[in-house]
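Have a look at the structure below before the remarks.
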Amino acid sequence: MTQLDVPENARRSGPSSRALFGRQDEIRRLDELIGSARGGRGGALVLRGEPGIGKSALLRYVREAASGFEVMLASGAEFEMELPFAALHQLCAPVLSHLSALPGPHRKVLDIAFGLDTGTPDPFLVGVATLGLLAEAAGESPLLCVVDDAQWLDRDSAKALAFLARRVAAEPVAVVFALRRSSPLPELEELPSLAIDGLTEADARALLAAEIRAPLDERVRDRILAEARGNPLALLELPRSAGMAAMAGGFALPEASSTSDKIERSFQARLASLPAETRLLLTIAAAEPIGDPRLVWRAAELLDLDVTAAGPAEAAALAEFGTRIRFCHPLARSAAYRTADLAVRRKIHHALAAATDPAADPDRLAWHRAQASAGPDEDVAAELEQSATRAQARGGVAAAAAFLERAAALSLDPDRRIERVLAAAQAKLQAGALDVAAETPDQRGGRLSEPAPGRTRRPPARPDLLRPAPRRR
């Protein structure tokens with residue numbers, strides 16, 4: 001009997017909800033990786049494929065297959081790509097109790113990387129310290145490190161995790177990454193990889209038959225199969241967005257466009273059918289991608305939402321609200337955020353800022369305050385500038401660039417705006433983003449204002465932001 005393949009992000013009740021169609025080769029590779037790590041010979045594997053192709057389903061499979069392992073999870077997020085070591089901290093959080101067993105320099109460099117101490121972390125030492133931390137934790141049980149949406153990893157985490165993945169051969173540690181094929185990550189290029197392709201027509205038909213119980217006209221089925229091109233999520237989402245009545249025969253699917261666009265539109269249609277309170281809660285969760293339920297629920301309370309708002313979202317299989325809040329698919333998160341109008345998003349970021357601890361996470365507070373701003377705000381711009389200084393002190397020049405660029409957009413004083421634009425460009429150059437740094441402010445939708453009559457431009461008020469980045473090994 002063919003093994004079944006239903007992506008995690010399209011789960012339904014019924015006997016096929018946890019099965020995998022047509023993934024025997026992928027399962028074998030993952031089983032080999034887990035078996036080797038169980039025997040003390042660690043390794044890594046990168047799953048590459050388009051959105052909805054089943055990468056999340058395979059990650060779920062490997063988590064379930066790793067019985068007796070401690071499973072460590074991290075997920076890249078578009079909103080956190082500029083925050084240094086954000087994903088690495090997310091992954092290591094379950095084993096930070098082992099920090100005390102590391103040598104002093106290793107403890108210190110991880111404290112710096114995770115924002116618990118000041119200084120500039122040496123990237124090589126961060127990698128060595130992370131390897132030591134996982135080796136200590138693996139002394140109690142083998143480890144499985146699962147990194148989803150790796151195309152959205154912050155650069156510092158990507159380097160540290162790649163360093164780790166190349167050096168776990170002598171440890172009972174398995175590392176599995178999943179990323180989009182169209183988003184190559186240079187740091188992972190040298191690791192063993194597995195291309196996740198679309199299902200064969202036979203497997204696609206079997207999946208469709210297992211999941212769609214309504215009568216389905218053969219011409220409609222053929223059209224769905226042709227449009228989905230073997231993408232499991234598209235196979236399930238395209239007919240769902242059409243409605244059960246239309247599937248009885250004769251409906252026309254949307255006009256030709258990319259599969260990702262179709263899937264996101266399907267999520268948008270499902271969101272539109274939810275109660276307003278549920279849509280608002282999902283937008284809060286989408287705007288705060290760390291998935292910390294305490295933060296999301298504090299913001300929800302400020303917006304007069306209660307826990308009952310989560311029910312329809314879970315019933316629609318769009319998100320899970322537990323010890324961590326997870327969307328069923330990155331495109332569901334994107335749809336939840338983009339379907340909210342600008343005023344609603346600003347209100348949400350304002351609530352998230354109010355819910356954020358200013359002492360524990362001043363940078364995230366500044367970022368949410370910036371996103372909540374409807375116009376220039378010099379106080380918020382100054383906070384972002386301070387965040388840029390802290391980020392650069394940690395070696396996060398990409399984060400510094402993001403903070404400075406937003407600070408420039410919020411600047412009231414034309415001269416300060418120019419200074420911040422130039423500092424952001426310098427930070428982008430240091431981060432290696434040469435093509436973006438070369439754009440003029442006009443090309444990014446802004447304009448460098450000339451000084452007011454009778455005024456001259458001052459030198460940059462924050463020359464420390466323009467200093468050369470620390471040398472990396």
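Values reported hereafter were calculated over all heavy atoms of this structure, with side chains retained and with hydrogens, waters and symmetry mates removed.
- Atom CD of E32 has more than 12 neighbouring heavy atoms from other residues, nucleotides or ligands inside a 6.0 Å radius.
- The shortest distance between side-chain heavy atoms of C145 and L134 falls below 4.5 Å.
- Panel note: side chain T278, backbone A309; a donor-acceptor pair is recorded below 3.5 Å.
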Point to revise | salt bridge (Lys or Arg N to Asp or Glu O under 4.0 Å) assessment of R41 paired with E171 | key: CA-CA 6 Å; R41 302 180 307 279; E171 306 291 344; over 6 Å; no

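- Side chain of R406 to main chain of A370: a donor-acceptor pair is present (N/O by atom type, distance under 3.5 Å, no hydrogens or angles).
- G43 and L33 get closest at one heavy-atom pair: C-CD1, 3.5 Å.
- For G52 against N231, the heavy-atom pair with the smallest separation is O-OD1, 2.9 Å.
- Using a 4.5 Å heavy-atom threshold, the side chains of H89 and L96 count as touching.
- For the pair R38 and S67, the minimum side-chain heavy-atom distance is below 4.5 Å.
- Distance check, rounded to the nearest 0.5 Å: CG of L131 to CZ of R167 gives 8.0 Å.
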**Study point:** Derivation and outcome, side-chain contact (heavy atoms from CB on, under 4.5 Å), residues L91 and T130
**Key:** CA-CA 10 Å; L91 183 76; T130 304; over 6 Å; no

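- Taking each heavy atom of R180 and P51 in turn, the nearest pair found is NE-CG, 3.5 Å.
- Of the possible donor and acceptor atoms, none in the side chain of D149 sits under 3.5 Å from a partner among the backbone N and O of W152.
- Within the structure, the ring pair (Phe, Tyr, Trp, His ring centres under 6.0 Å) test picks out no pair touching residues 174-195 (sequence neighbours left out).
- Between D197 and R181 there is a salt bridge, since at least one side-chain N of the basic residue sits less than 4.0 Å from a carboxylate O of the acidic one.
- Side-chain contact between L102 and L110 is present, with heavy atoms from C-beta onward closer than 4.5 Å.
- Judged as a salt bridge (Lys or Arg N to Asp or Glu O under 4.0 Å), and not counting sequence neighbours, D357 has no contacts.
- In this structure, the side chain of K55 engages the main chain of G49 through a donor-acceptor pair within 3.5 Å.
- When each of L58, L73, V176 is tested with R63 by the rule side chain to side chain contact (heavy atoms under 4.5 Å, CB included), just one qualifies, namely L73.
- A salt bridge is defined here as a Lys NZ or Arg NE, NH1 or NH2 lying under 4.0 Å from an Asp or Glu carboxylate O, and R390 with D363 meets this definition.
- You'll find the side chain of L153 stays beyond 4.5 Å of the side chain of L179, heavy atoms only.
- Here the closest non-hydrogen pair linking L295 and A355 is CD1-O, 3.3 Å.
- With sequence neighbours left out, E189 forms a salt bridge (Lys or Arg N to Asp or Glu O under 4.0 Å) with R48.
- Relative to the six-membered ring of Y337, R333 misses at least one condition, a distance below 6.0 Å or an angle of at most 45° to the axis.
- Judged by distance alone, the side chain of R270 and the main-chain N or O of A316 form a donor-acceptor pair under 3.5 Å.
- A distance-only check finds a donor-acceptor pair linking the side chain of Q90 to the backbone of S75 [under 3.5 Å].
- Within the 4.5 Å cutoff, no side-chain heavy atoms of L144 are placed close to those of V175.
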Practice item. Test H349 against E288 for side chain to side chain donor-acceptor pair (under 3.5 Å), laying out the working first. Key: CA-CA 9 Å; H349 283 290; E288 183 44 67; over 6 Å; no

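- Listed here is the closest heavy atom pair of A86 and D154: N-OD1, 3.2 Å.
- At least one cation-pi condition fails for R23 and Y61: the charged atom is not both under 6.0 angstrom from the six-membered ring centre and inside a 45 degree cone around its axis.
- Contact detail for L185 and A150: the closest heavy-atom pair is CD2-O, 3.5 Å.
- One distance of note links CG of L271 with OG1 of T283; it measures 7.5 Å at 0.5 Å rounding.
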Exercise for review: Give the intermediate values and the outcome of side-chain contact (heavy atoms from CB on, under 4.5 Å) for residues L88 and F114.
Suggested key: CA-CA 8 Å; L88 185 66; F114 297 155; 4.0 Å; yes

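- Atoms CG and CZ, from L45 and R29 in turn, are 5.0 Å apart once rounded to the nearest 0.5 Å.
- Atoms OG and CD, from S97 and E140 in turn, are 7.0 Å apart once rounded to the nearest 0.5 Å.
- F321 and W297 have tilted rings, their planes meeting at an angle from 30° to 60° on a 0 to 90° scale.
- Residues V296 and D292 fail the side-chain proximity criterion, which asks for heavy atoms closer than 4.5 Å.
- L281 CG to I325 CD1: the interatomic distance, rounded to the nearest 0.5 Å, is 6.5 Å.
- In this structure, CG on L207 lies 12.5 Å from CZ on R205, to the nearest 0.5 angstrom.
- Of the possible polar contacts, none joining the S387 side chain to the F403 backbone as a donor-acceptor pair under 3.5 Å is found.
- Looking at heavy atoms from C-beta onward, L143 lies out of side-chain contact with F69 at the 4.5 angstrom threshold.
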**Study point:** Residues H106, L125; criterion side-chain contact (heavy atoms from CB on, under 4.5 Å); working and verdict
**Key:** CA-CA 7 Å; H106 291 184; L125 197 56; 3.6 Å; yes

Review point. How far apart are the C-alpha atoms of I53 and L199, what are their side-chain angles, what is the distance that settles it, and do they pass the side-chain contact (heavy atoms from CB on, under 4.5 Å) test?
Key: CA-CA 8 Å; I53 203 67; L199 300 177; over 6 Å; no

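- Within 6.0 Å of atom CD in E314, more than 12 heavy atoms from other residues, nucleotides or ligands are found, so the atom counts as buried in its surroundings.
- Within 6.0 Å of CZ on R338 lie no more than 12 heavy atoms contributed by other residues, nucleotides or ligands.
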